[in-house]
Amino acid sequence: MREYNQKEIDKKWQKIWQKTKLYKTLTIKNKPKFYCLDFFPYPSGDGLSVGHLRNYIPTDVISRYKRMRGYNILHPMGWDAFGLPAENEAINKGLHPKITVPKYITNYKQQLSIVGLSYDWEREINSSTPDYYKWTQWFFLLLYDKGLAYKAISFVNYCPKCGTVLAREEVEGNTCWRCHTEVKKIKKEQWFFKITAYADRLLKDLKLVDWPENIVEMQKNWIGYSEGVEFEIPVTGLKTKLSVFTTRPDTIYGMTYVAVSPEHPIVRQLVSPNKRDEVDKFMRMVEKESEIERLSKEKEPLGVFTGSYAINPLDNKTIPIYLADYVLSTYATGAIMAVPAHDERDFIFAKKYKLPIKVVIQNTEHGLQNENMECAYTGEGIMVDSAEFSNLPSDEGRQKIIEYIEGLGIGQRVTYYRLRDWLISRQRYWGAPIPIVYCEKCGEVAVRDLPVLLPDVDDYKPSGTGESPLAGISEFVHTTCPVCGREAKRETDTMSGFACSSWYFLRFVSPKYDKAPFDKKEVEYWLPVDLYVGGAEHAVMHLLYARFWTKVMYDAGLINFVEPFFRLRNQGVVHAPTGKRMSKSRGNVIIPDEIVERHGADALRLYELFMAPFDQPVVWDTNGIIGQERFLKRVWRFVVGRENKIGHVGVNSSSPLPSLHRTIKKVTEDIEAFKFNTAIASIMEFMNKIYNISMDDATHREVAENLILILSPFAPHICEELWQTLGKEDSVTQMPWPEYSEELVREEFVTIPIQVNGKLRATLEVKKGTTREIIEKLARERVKKWIVKGIKRIVYIQDRLVNIVMRLD
RNA sequence: GCCGGGAUGGUGGAAUAGGUAGACACAGUGGACUUAAAAUCCACUGACCUUUAGAGGUCGUGUCGGUUCGAGUCCGACUCCCGGCACCA
């Protein structure tokens with residue numbers, strides 16, 4: 001018998017697949033399509049780890065499975081090569097990104113090929129090449145032309161180590177998402193994309209996708225929908241009124257002060273002369289506060305009385321106006337009506353500054369609310385002390401008061417979102433230049449002649465001056481105005497890498513197309529992405545941005561769908577054996593190369609899938625892989641070592657076919673449900689069951705062929721070899737997926753547990769459908785010794801269970 | 001604090017219209033084969049107890065309580081772990 005030589009087989013088939021272009025995407029669109037996509041990685045010097053494979057192997061299995069189910073498959077791979085991650089890698093290595101990026105890509109491709117992933121490499125894309133970023137710039141202009149890209153001065157997050165500003169989504173806690181350096185707030189003019197214009201649709205359309213619940217929740221949370229009423233409050237002695245927003249107008253009669261953000265433009269008018277010193281002192285404290293630790297857990301709210309008073313427009317009561325640091329200038333109107341009795345922060349503030357607490361919602365289930373309450377009651381209840389609205393349930397009163405306010409003409413129903421516009425300028429070298437020039441005469445002008453090439457420079461490192469390294473390249477900066485031909489200066493910031501990744505999934509359908517970012521016909525066939533797999537860390541970055549661009553493209557009539565990724569799945573993180581996250585800096589990255597060398601690509605593939613459910617985090621332990629290797633050897637011997645067993649034929653064993661068909665059914669269902677671990681377990685179980693039973697040649701062949709077919713998406717190398725050994729000429733990957741027979745799957749016999757008082761005492765092997773009468777008789781016989789006090793009742797479920805319940809006396 | 005997920009043998013994990021807990025695998029023990037090792041094959045492998053044996057019993061899915069003939073699964077309270085958000089009015 002020929003030995004199973006995994007190394008030789010891996011190499012042999014990887015070569016054949018490459019030579020025959022087996023995984024090339026079919027262009028004849030006569031079949032249903034399936035677009036199966038991985039989050040494209042940035043090329044890292046760490047190389048591809050076993051963690052990356054936890055993403056790529058499942059999608060490879062799905063792609064192979066779907067191909068066998070008769071789909072046209074688009075399964076491409078590319079490189080997120082522009083942007084902070086790729087550039088920081090280069091800087092850390094002390095090399096130019098133009099050197100590291102191609103080098104790391106070559107390594108990644110090599111590593112991907114040795115595990116036998118079925119990518120169509122003719123569609124490979126790289127976001128840092130001019131034929132790609134030309135179109136990223138084109139999209140910038142699309143947004144610009146639609147009024148969705150604008151330049152504005154505001155407070156932004158700046159990472160001192162990376163030397164660039166960041167989007168809000170790129171600030172984790174208070175640190176940079178790449179280097180975890182604490183960010184600073186600086187005032188700077190920057191380019192933004194107006195994602196807030198799409199807040200409502202980004203929220204609403206989450207209903208259209210099949211995504212993990214936690215990702216949907218995170219996006220909802222980030223978008224932050226709030227429905228309420230905005231109304232004006234008169235200020236005594238001032239003509240200007242103060243606008244406030246509340247989601248709880250039902251508590252309006254409980255307002256005992258008004259709180260204004262220290263950054264609010266009205267502050268100067270509010271402060272009375274005798275309060276000026278006190279307010280100045282407060283302002284300095286607030287400034288200091290924000291510089292030190294904004295994260296401190298139980299930060300006390302800070303505030304100061306302005307000396308001004310407001311009038312509650314509903315009951316005309318006069319109440320003080322405070323400046324309060326817990327009121328944000330960046331959300332809603334930057335001022336609130338404070339209701340200490342029914343808002344936690346207002347309550348704490350009121351206690352601290354000895355402001356009155358007026359109860360206007362009662363809920364007797366939660367105890368009586370009164371001035372001596374120990375914390376705010378924020379729930380629903382019955383309105384009290386609220387003029388003509390008293391005795392209404394709070395939810396009803398809420399609507400009534402909104403209508404009343406609208407009737408008075410002092411306010412209206414509004415919706416606010418927490419989402420802010422997407423800051424896309426980066427003061428970094430390695431990105432797509434923003435295609436804008438500033439002309440003395442014409443002002444800001446779009447550059448239509450694309451691409452605006454990134455100049456080749458030696459000094460690519462961030463300047464740290466708050467300016468892009470490109471600002472120092474005179475030949476780049478100085479240009480002529482495309483409109484009037486006069487002298488002009490280029491925008492020197494580059495775009496965030498997340499701009500590049502906001503449309504890459506469209507480029508794969510026509511990666512070399514040069515008339516537009518994509519060939520519309522191809523997009524119509526392939527998009528949206530049917531299955532998108534990657535890490536959960538992009539929940540509110542890439543995934544939100546790509547959804548936004550998709551909607552912009554839809555509105556521009558470029559595409560006919562509104563959500564880019566129909567089904568999204570997140571693989572579980574692979575931790576190093578120490579339990580920590582794998583990273584080069586920790587020196588604990590496990591790469592697949594050695595494992596493949598020692599155990600073979602198929603064993604590694606199986607192990608990645610088998611070790612835990614797909615979406616569960618795991619601690620890597622290479623020891624377990626030996627079990628997969630043993631299993632593959634058993635499969636090999638079962639198929640190839642037939643001649644040794646031929647002598648046993650004739651011993652009466654039960655047919656392996658019902659088991660085979662049950663296994664086909666189980667594997668089919670499990671792949672569809674992303675349960676790869678139990679799919680593999682069921683094939684193993686089947687193998688164990690039939691390994692030593694004798695069968696005639698025809699049966700053996702039938703079993704072997706089907707076994708190879710259902711195993712092939714998981715372990716393609718050994719399956720190709722075995723398929724060939726059986727005398728087949730075509731690749732196993734091009735065979736149709738086996739169908740199971742309903743008849744064979746049906747169980748003829750069942751094992752029925754017999755319980756006494758719910759405790760298992762015996763089991764009964766009977767033919768399915770045996771009558772209750774017979775089973776009860778057999779059951780009583782079997783468990784006679786436990787039946788001592790007489791039977792109270794017998795719980796009987798046909799073909800499933802008998803439980804004899806005894807009398808208790 | 002809020003939202004989401006989770007806790008099952010020495011280990012990774014199976015099993016939810018409530019119905020034989022521990023599939024499959026790792027590690028371990030014993031045996032077969034072998035000059036030997038590797039590889040392979042077979043058996044055992046939750047804990048505790050009874051028994052000469054065959055066999056049998058009790059407990060057992062984070063904790064406490066409930067519903068039920070019957071709970072890993074449902075309900076209530078709690079503990080711990082992981083992920084996310086964190087002054088958003």
Side-chain angles (χ1 to χ4, degrees), chain A residues 3-4 172-173 212-218 220-222 224-226 228 230 244-248 251 259 261 294-295 297-301 324-328 330-339 342-346 348-349 378 416-420 536-537 539-540 570 572-573 575 606-607 610-613 615-631 633-634 637 641 675 677-688 691-692 751-764 785 792-797 800-806:
Chain A
E3 286 293 314
Y4 170 47
E172 294 176 351
E213 201 191 334
N214 61 321
I215 302 289
V216 171
E217 280 307 308
M218 281 161 76
K220 279 186 183 167
N221 200 328
W222 191 259
Y225 174 89
S226 264
E230 188 177 317
V244 299
F245 170 67
T246 181
T247 55
R248 291 295 302 271
T251 65
S261 160
R294 291 214 55 198
L295 280 175
K297 292 206 176 77
E298 295 193 14
K299 201 173 87 63
E300 286 228 339
D325 71 341
Y326 76 90
V327 181
L328 304 174
T330 48
Y331 183 74
T333 63
I336 59 162
M337 65 167 213
V339 184
H342 307 294
D343 180 278
E344 278 169 33
R345 292 148 306 165
D346 296 348
I348 294 165
F349 191 87
T378 58
Y416 274 105
Y417 295 92
R418 228 182 293 193
L419 187 69
R420 295 297 133 71
E537 67 274 10
V540 287
N570 303 121
V573 176
H575 296 281
L606 287 175
Y607 186 54
F610 181 78
M611 62 193 306
D615 54 1
Q616 188 177 300
V618 287
V619 174
W620 185 265
D621 173 17
T622 308
N623 293 329
I625 204 169
I626 191 78
Q628 307 306 317
E629 210 180 339
R630 283 184 193 140
F631 164 63
K633 285 180 183 167
R634 274 165 88 82
R637 280 191 294 269
K675 289 162 77 175
N677 56 334
T678 49
I680 292 167
S682 73
I683 304 176
M684 288 177 156
E685 204 177 344
F686 173 64
M687 197 69 245
N688 293 345
Y691 192 63
N692 280 322
T751 310
I752 296 177
I754 298 159
Q755 301 177 335
V756 177
N757 286 340
K759 275 185 186 156
L760 178 74
R761 295 301 179 188
T763 59
L764 219 52
K785 61 188 275 199
K792 192 173 159 194
R793 62 183 276 215
I794 294 177
V795 179
Y796 175 87
I797 301 165
R800 285 190 80 182
L801 161 122
V802 177
N803 185 13
I804 298 169
V805 186
M806 311 280 300

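Below, chain A is the first sequence line, B the second, and so on; all start at residue 1. Model, not experiment: these values are computed from the prediction.
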Report, one pair per line, the protein and nucleotides 41-48 of chain B atoms (nitrogen or oxygen only) whose separation is under 3.5 Å.
| unit_1 | atom_1 | unit_2 | atom_2 | d |
| --- | --- | --- | --- | --- |
| B:rC41 | OP1 | A:Arg634 | NH1 | 2.6 |
| B:rC42 | OP1 | A:Asn692 | ND2 | 2.9 |

Scan nucleotides 17-21 of chain B against the protein and return all N/O pairs shorter than 3.5 Å with their distances rounded to 0.1 Å.
| unit_1 | atom_1 | unit_2 | atom_2 | d |
| --- | --- | --- | --- | --- |
| B:rG19 | N2 | A:Gln755 | OE1 | 3.1 |
| B:rG19 | N2 | A:Asn803 | ND2 | 3.3 |

Give every pair of a protein N or O atom and an N or O atom of nucleotides 2-12 of chain B that lie under 3.5 Å apart, one pair per line with the distance.
| unit_1 | atom_1 | unit_2 | atom_2 | d |
| --- | --- | --- | --- | --- |
| B:rG12 | O2' | A:Met611 | O | 2.5 |

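Ring geometry, A:Tyr331 versus A:Tyr416: the interplanar angle falls from 30° to 60°, so the pair is classed tilted.
A search for side chain to side chain donor-acceptor pair (under 3.5 Å) contacts involving A:Arg418 returns nothing, not counting sequence neighbours. Partners of A:Arg420 under the salt bridge (charged side-chain N to carboxylate O under 4.0 Å, His left out) rule, at least two apart in sequence or in another chain, do not exist in this structure.
One atom, OH of A:Tyr607, and another, P of B:rC26, lie 10 Å apart when rounded to the nearest Å. Atoms CD (A:Glu3) and P (B:rA38) sit 17 Å apart, rounded to a whole Å. Going from atom CZ of A:Arg761 over to atom P of B:rA55 covers 17 Å, rounded to whole Å. The nearest whole Å value for the distance from the NZ atom in A:Lys675 to the C1' atom in B:rU16 is 10 Å. Atom CG in A:Asn757 sits roughly 11 Å away from atom P in B:rC69 (whole-Å rounding). Between the NZ atom of A:Lys792 and the P atom of B:rU68 there is a distance of 11 Å, given to the nearest Å. Separating the CZ atom of A:Phe631 from the P atom of B:rU40 is a distance of 14 Å, rounded to the nearest angstrom.
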Pairing pattern in dot-bracket form [Watson-Crick, G-U; both distances under 3.5 Å; | = partner strand] for RNA chain B: (((((((..(((......[....))).(((((.......))))).(((((....)))))..(((((..]....))))))))))))....
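Not one N or O on the side chain of A:Arg637 forms a donor-acceptor pair closer than 3.5 Å with the backbone of A:Tyr691.
Distances shorter than 4.0 Å separate some side-chain N or O of A:Lys759 from OP1 or OP2 on B:rC59. At B:rA23, none of the side-chain N or O atoms of A:Thr678 fall inside 4.0 Å of OP1 or OP2 (strictly under the cut-off).
Syn is the conformation of B:rG9, whose glycosidic angle sits no further than 90° from 0.
Both A:Ile680 and A:Asn677 lie close to RNA chain B; mapped to their nearest nucleotides by heavy-atom distance, the more 5′-ward contact belongs to A:Asn677.
For the P atoms, the distance linking B:rU73 with B:rG66 amounts to 14 Å, nearest Å.
In this structure, A:Val540 reaches neither bases nor backbone, as no heavy-atom distance under 4.0 Å exists between it and the strands shown.
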